[in-house]
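Every heavy atom of this structure was used, including side-chain atoms; hydrogens, water molecules and symmetry mates were not. Just so you know, ligand 1 is whichever comes first in the structure, and atom 1 is the first atom listed for that ligand.
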Amino acid sequence: MTNILIVEARFYGAIADAQIEGARAALSAAGATHDVLTVPGALEIPAAIAFADASGNYDGYVALGCVIRGETYHFEVVAGESARAIMALTLDGLAIGNGILTVENEAQAWARARQSEKDKGGEAAKAVLAMIAIKAKFG
Ligand SMILES: Nc1c(NC[C@H](O)[C@H](O)[C@H](O)CO)[nH]c(=O)[nH]c1=O
Ligand SMILES: CC(=O)[C@@H](O)COP(=O)(O)O
């Protein structure tokens, strides 16, 4: 049984609630089990995944969060560094679906958070399941 850890950054709680619905629906449809771990913000997601991976309990991870541009360069730091660190973990052999939204405003976030044609949470869940299969194919 494939077991996934969803690591959700709840910086924007209502958006996080919508995102996780799509991820959960996709994982359930695929017959995968999952746990949920909550972190404060997107910058904490990569370390939380690394910490959890040490347990050996998970076949893969779904990263969920929402980074909305503000007035300062901090958007680039949070959006860029969370993505870079997640990519580094994948290159270390972890299967991770990155569903962290990096958007200009809340409207763009909502258009991608709910289960709709732009369901990034569901997309990230499907991506990690695909990568688990690819990883298994090559041993
Ligand atoms: N501005 C956003 C943040 N900022 C917080 C950081 O992610 C981090 O928690 C803090 O710097 C402490 O280490 N996080 C988001 O997820 N989304 C944002 O829009
Ligand atoms: C992405 C962020 O860190 C952002 O929400 C912070 O807003 P600001 O750049 O106005 O401090």
- Query: Taking the side chain from T33 and the backbone from I4, do they hold a donor-acceptor pair closer than 3.5 Å?
  - Reply: no

- Item | Distance from atom 18 (C) of ligand 1 to nearest protein heavy atom, with residue and atom | F11 CD2, 3.4 Å

- Task: Among all protein heavy atoms, pick out the one at the shortest distance from atom 13 (O) of ligand 1; state its residue, atom name and that distance to 0.1 Å.
- Result: E44 OE2, 2.6 Å

- Closest non-hydrogen atom pair between L64 and I45, with its separation: O-CD1, 3.4 Å

- Task: Taking all non-hydrogen atoms of both residues into account, name the closest pair between R10 and A16 and its distance.
- Result: NH1-CB, 3.6 Å

- Message: Tell me whether Y12 reaches ligand 1 (any heavy atom closer than 4.0 angstrom to a ligand atom).
- Response: yes

List the atom pairs, with distances to 0.1 Å, where a side-chain N or O of residues 130-139 and a protein N or O form a donor-acceptor pair under 3.5 Å, not counting sequence neighbours.
residue, atom, partner, partner atom, Å
K135, NZ, G93, O, 2.6

- Are any of the side-chain heavy atoms of R24 and I6 separated by less than 4.5 Å? yes

- Message: Consider side chain to side chain donor-acceptor pair (under 3.5 Å). Of E76, Q108, H74, which one does R69 pass it with?
- Response: E76

- Item | For I68, the ligand 1 atoms whose distance to one of its heavy atoms is below 4.0 Å | 19 (O)

- Task: Give the atoms of ligand 1, by number and element, whose distance to some non-hydrogen atom of G41 is under 4.0 Å.
- Result: 7 (O), 9 (O), 14 (N), 16 (O)

Atom pairs, nitrogen or oxygen, ligand 2 to protein, under 3.5 angstrom:
residue, atom, partner, partner atom, Å
ligand 2, 3 (O), H74, ND1, 2.6
ligand 2, 5 (O), I68, O, 3.3
ligand 2, 9 (O), E71, N, 3.1
ligand 2, 9 (O), T72, N, 2.8
ligand 2, 9 (O), T72, OG1, 2.6
ligand 2, 10 (O), E71, N, 2.7

- To atom 7 (O) of ligand 1, the nearest of S82, G70, C66, A42 on a heavy-atom basis is A42

- Item | R84/E81 under salt bridge (Lys or Arg N to Asp or Glu O under 4.0 Å): CA gap, chis, key distance, verdict | CA-CA 5 Å; R84 183 194 58 75; E81 286 304 295; 2.8 Å; yes

